[in-house]
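A, B, ... follow the sequence lines: proteins, then strands. Residue 1 opens every chain.
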Amino acid sequence: MADKYEKVLELAKRRGFLWNSFELYGGTAGFYDYGPLGAMLKRRVENIWRDIFVINEGYYEIESPTIGIEDIFIASGHVGGFSDPLTECQECHEAFRADHLIQDITDNPDTLSADEVSGLIKSNNIICPECKGALGDVYEFNLMFKTNIGPGGKRAGYLRPETAQGMFVDFPRLVKFYRDHLPFGATQIGKTYRNEISPRQGVIRLREFTQAEAEIFIDPRVKTHPGFSEVSDIKLTLFSQEGQDTGKSEIITLGEAVQKGTIAHEFLAYCIARTHQYLLRVGISPDKLRFRQHMKDEMAHYAADCWDAEILSDRFGWVETVGIADRTDYDLKAHARQSETELTVYVPYDKPKTVTRLAVKPDMGVLGPRFKGKAGKIVSALKDLKLKDLTGDFIELTIEDEKIRIEKELVDVGSVTEEIHGENIVPHVIEPSFGIDRIIYSLLEHAYFEEEVEVEGKKEPRIVLRLPPEVAPVQAAVLPLLTKEELIKPAREITESLRKKGILTAYDDSGTIGRRYRRNDEIGTPYSITIDYQTLDDCTVTIRDRDTMKQVRAPLEGIAGNIYDLLYSGSFREWC
RNA sequence: GCACCGAUGGUCUAGCGGCUAUGACUUGAGCCUUCCAAGCUCAAAACCCGGGUUCAAAUCCCGGUCGGUGCACCA
């Protein structure tokens, strides 16, 4: 029996939304083409994301290479941690995580090489937990695609497994672009690559897919959001850690969720709100959407809190589509360490702080000539000393295993009072990360309806994609009622005027009018404009609404502007 | 990566060693037609790939690819 997944994919394939890539050559798992309608749909879904996060939130978009150099992924942990050591049973061919099997034998299995793990399995006689068979050699499976940069294979490169690193790596430039002010954010929409072991489920798990990510850098001490009051009344379904323990999700306002501490702070809750609004706007059904909190053991150790937007799919159940995490300062610190560059923002205090501190001023006129090359080290060692170490007749230091005594008189010790106007801090990162392809599949599934239409007493089947007009690839269809030159001519003119307005318009004069309506219903075209003989008399046309199949007569004058308004603001009902 | 199941026009499908490979829908050209796929004429379009068995393979066998399912994996 065909389930919804099958029906949606069949339609998507047949009408040019989604195609298996490389089909001519037999295809390859994990790659999909967006056909003519799919690509347009995807563009529109991405543009709504831009509208929300780039235009309205002000998180400018950047574009970094899809290939990254090795340092980036050493810092991010993908080189070391984005792979799993696997071993297979020779008897029953079950695959196991090798590091899990030797957990009790060694303290830190993650630090061992595949060969070392193989050795441990052999020397400890570890056998298949399922059937007690012998285990095969351990092999590393890294989910990143590796390549070489330039000839000679000297420089390793990797296809990026997420777009996020691009924003982290550009952090120093971004700080300057935003003129040293927190919070600020950068976004990126682009292709990402993971060499999945077993990609399946259509477009749900791909080897090349599209992410839309925002990295928002905030002051770790200020996790409130100035716009929170605008969204605090939004009600949504939360599936918290507690809820998961008891198996219950709850519908609650964001204000309440923050107050109760369910969501860690306002800023995260604000991002959840925008995500919620975004998903509804592109066509996700509100009753098939929930936000699930990561369980403690599921969350990365550095994350303060993390919520996934999950969308209910007919076949796959709840599919994780968006991750919204407070990643704290983990990423910036990791890149600071790897690049040996300070990645901080100078944050001024509201009022300068007056600080009294110890000032140690060595007499370099004497110490310099006396210690020559070591003088520099001695000075910095002196400055690190506490007051009690400086009070004796001699000051004692150990520099490179050598004991050094310095007469008290040579070091002037006093206290200095100075004003400090601010400090360098490592921002925390809030990361909403969207899987665009999963969203596309979900909205297609939620928009897909099969219904019976009654026509002159007979029931006719109808397939209709109830896409929000804003994302529908084809936005209007112009249809002369009959294939007659006198109707075709004005129809062509109307088509032109709609296209000039930027509306993607299909013109169709083949077959009966009913068939053409059905064709357009199936791809989600929101409005069809029909030209009949009355048009020639009184300059009016009919506009048909996809969802209700209702028609209104409307003046030809200003038709393009009216359709535009219908698509982007009004609803059909209000309009007629 | 392992195991099981499957693969025939764009889509769904018949076939079960022997044909010019069913049928429907769809699509294209035209006729007809004053608003919701069903009239008429004509046309286009398929056996996943490679090997083997056989006089003969879409059909049987082996391998691969792709799809589905289960296991494992999914920061």
Is there a Watson-Crick or G-U wobble partner for [N] with both distances under 3.5 Å, and if so, which one is it?
N	value
B/rC40	B/rG30
B/rG1	B/rC71
B/rC16	none
B/rC48	B/rG64
B/rG9	none

Please give, in whole Å, the distance from [N] [atom2] to [X] [atom1]?
X	N	atom1	atom2	result
A/Ile529	B/rC36	CD1	C1'	17 Å
A/Asp326	B/rA75	CG	P	19 Å
A/Glu213	B/rA75	CD	C1'	12 Å
A/Phe22	B/rC49	CZ	C1'	18 Å
A/Ile523	B/rA37	CD1	C1'	15 Å
A/Asn195	B/rC73	CG	P	17 Å
A/Arg518	B/rC36	CZ	P	9 Å
A/Leu18	B/rU11	CG	P	14 Å

- Do A/Arg499 and A/Thr505 have side-chain N/O donor and acceptor atoms under 3.5 Å apart? no

- Quick one: do the A/Gln188 and A/Arg160 side chains pair a donor with an acceptor below 3.5 Å? yes

Report all side-chain donor-acceptor pairs from residues 477-494 of chain A shorter than 3.5 Å, counting only partners two or more places apart or in another chain.
{"from": "A/Thr483", "atom 1": "OG1", "to": "A/Asp509", "atom 2": "O", "distance (Å)": "3.4"}
{"from": "A/Glu486", "atom 1": "OE2", "to": "A/Tyr533", "atom 2": "OH", "distance (Å)": "3.0"}

- Is there any salt bridge (Lys or Arg N to Asp or Glu O under 4.0 Å) pair reaching into residues 311-320 of chain A, and which pairs are they, with sequence neighbours excluded? A/Asp3-A/Arg315, A/Glu6-A/Arg315

- Could you say whether A/Ala300 or A/Glu522 is positioned toward the 5' end of RNA chain B, judged by the nucleotide with the nearest heavy atom to each?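 Looking at RNA chain B, the more 5' nearest nucleotide goes with A/Glu522.
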
- Task: Could you pick out which residue, A/Asp521 or A/Glu320, lies toward the 5' side of RNA chain B when each is mapped onto its nearest nucleotide?
- Result: A/Asp521

Residues forming a salt bridge (Lys or Arg N to Asp or Glu O under 4.0 Å) with [X], sequence neighbours excluded:
X	result
A/Glu10	A/Arg14
A/Arg518	none
A/Asp521	A/Arg462, A/Arg544
A/Lys288	none

- Query: What residues form a side chain to side chain donor-acceptor pair (under 3.5 Å) with A/Thr66, not counting sequence neighbours?
  - Reply: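 Testing A/Thr66 for side chain to side chain donor-acceptor pair (under 3.5 Å), a comparison that skips the adjacent residues, returns none.
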
[N] to [M] separation - [atom1] atoms, rounded to the nearest Å:
N	M	atom1	value
B/rA57	B/rC48	P	15 Å
B/rC60	B/rG68	P	24 Å
B/rC25	B/rC66	P	35 Å
B/rU59	B/rU8	P	13 Å
B/rC73	B/rC2	C1'	13 Å
B/rC40	B/rU33	C1'	12 Å
B/rG18	B/rG70	P	37 Å
B/rC16	B/rG28	C1'	35 Å

- Task: Flag the pair A/Lys4 and A/Glu445 as a salt bridge only when some basic side-chain nitrogen lies within less than 4.0 angstrom of an acidic carboxylate oxygen.
- Result: no

- Which letters describe nucleotides 25-34 of chain B, given B = protein heavy atom under 4.0 Å from base, S = only from sugar-phosphate, - = neither? -SS-----BB

- Item | Base B/rA75 to side chain A/Arg327, donor-acceptor N/O within 3.5 Å cut-off | no

- Any N or O donor-acceptor pair linking the side chain of A/Arg544 to the base of B/rC35 at under 3.5 Å?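 Answer is no: no donor-acceptor pair is held.
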
Please tabulate, for the side chains in residues 28-41 of chain A, all donor-acceptor contacts under 3.5 angstrom to protein atoms that are two or more places apart in sequence or on a different chain.
{"from": "A/Asp33", "atom 1": "OD1", "to": "A/Ser21", "atom 2": "OG", "distance (Å)": "2.5"}
{"from": "A/Tyr34", "atom 1": "OH", "to": "A/Asp437", "atom 2": "OD2", "distance (Å)": "2.7"}

- Check: A/Arg194 side chain, A/Glu162 main-chain N or O, donor-acceptor pair, under 3.5 Å: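 Flag not set: sc A/Arg194 to bb A/Glu162 has no pair under 3.5 Å.
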
- Message: Using 30° and 60° as the class boundaries, would you call the ring planes of A/Tyr330 and A/Tyr302 parallel, tilted or perpendicular?
- Response: parallel

- residues 305-327 of chain A vs ring-ring contact (aromatic ring centres under 6.0 Å, His included), sequence neighbours excluded, gives A/Tyr5-A/Phe316

Within the sub-3.5 Å range, which N or O atoms of nucleotides 65-68 of chain B have a protein N or O partner, and how far apart are they?
{"from": "B/rU65", "atom 1": "O2'", "to": "A/Gly26", "atom 2": "O", "distance (Å)": "3.4"}
{"from": "B/rC66", "atom 1": "OP1", "to": "A/Ala29", "atom 2": "N", "distance (Å)": "3.3"}
{"from": "B/rC66", "atom 1": "O4'", "to": "A/Gly26", "atom 2": "O", "distance (Å)": "3.3"}
{"from": "B/rG68", "atom 1": "OP1", "to": "A/Tyr5", "atom 2": "OH", "distance (Å)": "3.0"}
{"from": "B/rG68", "atom 1": "O3'", "to": "A/Arg315", "atom 2": "NH1", "distance (Å)": "2.9"}

Would you list the protein and nucleotides 61-63 of chain B atom pairs, both N or O, that sit under 3.5 Å from each other?
none

